[in-house]
2 protein chains.
Amino acid sequence: MQHSTYSLLPARRVGQAIVWLALFLLGPAALAETVQSPNGQLTLDFSLQNGGVPTYRLTYKGRDVIKPSTLGLELKDAPSLTEGFAVATTKTVAIDQSWQPVWGEVKTIRNHYNELAVTLTQATTQRTMLVRFRVFDDGLGFRYEFPRQPNLGYFVVKEEKTQFALAGDHKAFWLPGDYDTQEYSTVTSKLSKVRGLMKAATTPNASQTPFSPTGVQTPLMLKSKDGLYINIHEAALVDYSCMSLELDDKDMILTSHLTPDAQGNKGYLQTPCLSPWRTVIVSDKAGDILESKLVLNLNEPTKFKDTSWIKPTKYVGVWWEMITGKSTWAYTNMDNIKLDSIDYSKVKPNGTHAANTAHVKEYIDFAAQHHLDAVLVEGWNTGWEDWFGKSKDYVFDFVTPYPDFDVEELHRYAKSKGVKIIMHHETSGSVRNYERHLESAFQFMNKHGYDAVKTGYVGDILPRGEYHYGQWTVNHYNYVLEKAAEHHIMVNGHEAVRPTGLSRTYPNLIGNEAARGTEYEAFGGNNADHTTILPFTRLIGGPMDYTPGIFQTKVSAYNPQNNSFVHSTLARQLALYVTMYSPLQMAADLPETYNKFLDAFQFIEDVAVDWDDSKVLEAEPGDYVTIARKAKGTSNWFVGSSCDENGRTSTIDFRFLDPGKKYTATIYADAKSAHYEKNPQAYQIRKMTVTSKTKLKQYCAPGGGYAISVMAGK
Amino acid sequence: MQHSTYSLLPARRVGQAIVWLALFLLGPAALAETVQSPNGQLTLDFSLQNGGVPTYRLTYKGRDVIKPSTLGLELKDAPSLTEGFAVATTKTVAIDQSWQPVWGEVKTIRNHYNELAVTLTQATTQRTMLVRFRVFDDGLGFRYEFPRQPNLGYFVVKEEKTQFALAGDHKAFWLPGDYDTQEYSTVTSKLSKVRGLMKAATTPNASQTPFSPTGVQTPLMLKSKDGLYINIHEAALVDYSCMSLELDDKDMILTSHLTPDAQGNKGYLQTPCLSPWRTVIVSDKAGDILESKLVLNLNEPTKFKDTSWIKPTKYVGVWWEMITGKSTWAYTNMDNIKLDSIDYSKVKPNGTHAANTAHVKEYIDFAAQHHLDAVLVEGWNTGWEDWFGKSKDYVFDFVTPYPDFDVEELHRYAKSKGVKIIMHHETSGSVRNYERHLESAFQFMNKHGYDAVKTGYVGDILPRGEYHYGQWTVNHYNYVLEKAAEHHIMVNGHEAVRPTGLSRTYPNLIGNEAARGTEYEAFGGNNADHTTILPFTRLIGGPMDYTPGIFQTKVSAYNPQNNSFVHSTLARQLALYVTMYSPLQMAADLPETYNKFLDAFQFIEDVAVDWDDSKVLEAEPGDYVTIARKAKGTSNWFVGSSCDENGRTSTIDFRFLDPGKKYTATIYADAKSAHYEKNPQAYQIRKMTVTSKTKLKQYCAPGGGYAISVMAGK
């Protein structure tokens, strides 16, 4: 259901424009236009600068968020759409709607903004471009729109030139800009330090194409000296290249930098068409950034008529044992194999293949016993001997199991236990091959009862020369979502482009990786503050399949050759089920380990994966995040807190609970002696009764955290 | 059925090697090896030159065809496979088999050769490469083979370095080397003149990427001063880039030049793997080049178990009226349309759309009346308003007819008349889009009774940066053939890579364009000698859908704006059904024109499209070609002759007829006054009785020819 109110804003053009121009001191503008957020705290000014250059500025409570910044695009073999404009028309409208997501952090999302649409005409070329601004209480979204018109049909984008001129040398939580990977550790530094830190920040990856010593990715989280929290990202990335930001570190101006294609072009557009929204979320309270629904609101409602097949899912997986090196995806130790000529029934098994029928049944048993929904199985299909880094075209067929993986028997068995098996489609970046097999792969899933797939794009993209984040590949990811939806299949895309709120439009996009996940804890480790940053960066675009729940934090316990350790206490691993919002949550460790810590595992068993409400209790990027969420269709709440390497004590105010009601809180917390490196498994569990008046001090160890289940009495 | 004899050739290594090395004068070789053709007229010498450089030489009746020429490949980021080799083993074998093509110029093809396989090892890298030579009576084929081995798994080809060192400055029939098109007029010149003529030869095309001032395409036809006819091409182009030839015009050495991908690489290979065969057909008789089955013999037998659904086809088409500009493919005159948003039921038809139900029925009626098998209909599906040159991704969906094209009614009607409708899939080069729709498009064809498709790849390839002739796109064409075969669909690929005999392996590849076809007669014209050259060049790789049969040679009769004319007499248009071998032959002109020349059209109605035997009666590239063919399963023969702009008189010796039998010959010939430009429609038809002893002098006008049906008496 949607509730809408539409009203035309009063035209306040002349007065405000003069004020702004006085501040501007950039010469006379043809026209200026102002629009404010519904609560009046944000002000968006649009004007044409000298030479007809479209320019916008964003203030929050009178302070500059985005200083006057130019707009436009450079085209290939055509005049730029950056200057020479006049304003043809402007239109303002106020919107106040609400809508209910298929799954989410809250039951109902309010979409409340004032809009300014400026139609610009370029006299010399007789071309028209529209810039649409939407000013919410929590930030700004704007996009370019190119109407159907005689002089602009097809065009090729050389570069989008959207500026975000910052008001100072902000503290930034940044990743190296890259056309192929987001799996970097976040660097926390002043913007002026980006250049000096870039080389060290650009750690090796299976596929990577950094592009500049000052290029950074979005969502980019910033904090100004005077305490403004600013997040820059994009929404609704459809048929366009993913945007990074190029930093001018003298003037602190960020400029859009699109991902190129094999020929160096940045986008192929046909009118009528739209750019994605460019988003600036802003507040003087960090928690507001986390609670913002701006990115979702800027996406289109879903066109799916039936969404009953989309189900938030908690799962275990035949996965961490391969990540740690205890087991293998591959069935043999051969190399250089060809799918169309190898006969697996005649080769020697390596004895370390995890995805075998008996072993998968153990996972199914564990899932059933602990009321988890599903078991992910990686390494079930042929080709894993020889899948990576070879620019191999026909790398997997997605339908042929290894001889020791009995698809039918496992689905019969899983079904008898009320458990689903999650499909895995690693593509090795060979996109054409995946598209060729997509229909048969999805038919195979439908036939055998799979309803979700984890896709993977490890390694360089084929067609060669394309990047993970270019328009070509972006188009592919969305194509997979559409085809999957036709088959009622949910998708969890790994190594795909970072999400931009598209799960509103495609609610079968239940998960994405697109950042440095838990797997890196087995590849040398994540920073101890990693999960205090990700909610402010990666998660702004959508949920992440972070795969928490590692209780055995020493990887050497599984593989003596691997000295990595998880940079988190065990208690904090529980907290992540709440702080790292996702409708798809993995219990990533091995059943053999969980069986040693069943008291702690109880939280994972209890925690919800879909919510009616969410409250950020306290948050500071890079330091701590504490969130409370109300489980869907219940009165139960779950609280999670993650802190950085320094440890701290929260004061939890339970006022979010229903007044007068008693709840039983079970607190899974770090012991006093706990430490993410030295003593990660020291946790304590205690129970207490809480009400909406309870205030609780709760300790977090260095690299630690806590999780609380708050169950309503009857 | 196949008949085979295998025998090991006697080893003649030592003696012949010494002789050859004496001729060589290039320093001592590690080893030399010789193998001859079954008739002893061709001799292939292999040796290692100084530094372990693999080298071959080919002589014909003691004359150099290919002077000592080096072999090998340069790899990317790996040592070259061009030198440092030692011979590990050599193996010779003699083969004499015969096989029957699904369709063809002859009923049975003899595959008779002596083979030399040289296994080379490169000591410094511990890598192995095999060169396999097959010496037939009509020429040489050789290829590189890369066995599975520890030190050569995946590799990237930087360039193949296969030399063809010629013995002189031969006369060449050449096209500018190009990664995207073969639709150039053939230039006839000495090799030394290629450089000077290249610029003028490189005429505009919808997609073209010439690469060098001395690059030329294959099949390259050459004639030496002393009367040797030499043809260089390739066979079995599978999962490899198409080869052009780079001419060193000082030393007259041709070197292989592969088509690159978007990143400039020339091939991605995984052992075990093979290069295509490099072919050199040679004779001192031009007709032997035309009769050679070497390219087919070097292709693999088909794996199709059932080929009963593959049927040689004669057809008319809703096509020439669009080519001439009389009608349009498009249903409206809009531009800049999007398939997913246009509602054709609401737009204004342009009134010139040819593929409408009523008009297509006229073609069906004509086909039925004249016993043609099928009607091709182009422009039946939505999207033609806006299909070319826009780098448009989603350009066609291949299943949605224009509102005035009633698919079901037309198939009902056609079926009632015993006629098939041929599908048309223009892709606009948007290969990913085609692959995405391939399955549904073929299902649509199966559902509606289509059994053949003409595919088109006009314009630059998407994925952008790939070329029509690169490995990526070559892989696509073969993928389409395989998928089509699964649906029992025949394919006629236009703008695809030039054929290399693959119709043996994929007999559903019943046609290809891949050269300058009749359509260019409406785009300024083909040279008058064009059809005396194509059999020696383009047709060496496989049949061409040349679309002959244009009786109204003045294009202005259909479109007053178009001053082009067909550079051929009407009689010669008939001859092409015999001289331009194809199992797929179009009667390309309009029924309204054929109805004015029904006496001449009788030849098209009578002529076969599948043959039990073929005889080249006389031939000289660029001057004339006269061929007699025996219709499949009958005693009837058809003779065709095409000559150049000078005209000539043939002497036809009918000794190919069964002795003692009487035949009725109907001769469709140029009148004395005929001339391809001044008087093209002046023809005469006469009948006479012929026997195997008949000799007939027959005049060909300038740009003319003749066609004869020779029907056996009862």
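Proteins get letters first, then strands, A, B, ... in listed order; numbering begins at 1 in each.
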Quick one: do the [X] and [Y] side chains pair a donor with an acceptor below 3.5 Å?
X        : Y        : answer
B/Asn336 : A/Thr271 : yes
B/Ser207 : B/Asp460 : yes
A/Asp178 : A/Thr181 : no

Against chain B, label A/Asn475 side chain, backbone, both or neither, depending on which of its atoms sit under 4.5 Å from a heavy atom there.
-> both
Contacting moiety of A/Leu438, where chain B heavy atoms sit under 4.5 Å =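 Neither part.
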Structural part of [X] lying under 4.5 Å from a heavy atom of chain A:
X        : result
B/Pro272 : both
B/Tyr479 : side chain
B/Lys483 : neither
B/Ser341 : neither
B/Gln270 : both

Most contacts with chain B, counted as non-hydrogen pairs under 4.5 angstrom, among [options]:
options                                : result
A/Glu439, A/Lys392, A/His476, A/Glu466 : A/Lys392
A/Asp335, A/Val431, A/Asp261           : A/Asp335
A/Asp393, A/Asp386, A/Leu462           : A/Asp386

Give me the ring orientation class for B/Phe146 and B/Tyr144: parallel if the planes are under 30° apart, tilted from 30 to 60°, perpendicular past 60°.
-> parallel
Which class fits the ring pair B/Tyr477 and B/Tyr457: parallel under 30°, tilted 30 to 60°, perpendicular over 60°?
-> perpendicular
Give the C-alpha distance, both sets of side-chain angles, the deciding distance and a yes or no for salt bridge (charged side-chain N to carboxylate O under 4.0 Å, His left out) between A/Glu160 and A/Lys266.
-> CA-CA 8 Å; A/Glu160 180 184 321; A/Lys266 304 245 171 156; over 6 Å; no
What is the distance from atom CG of A/Leu73 to atom CG of A/Leu269, rounded to the nearest 0.5 Å?
-> 8.0 Å
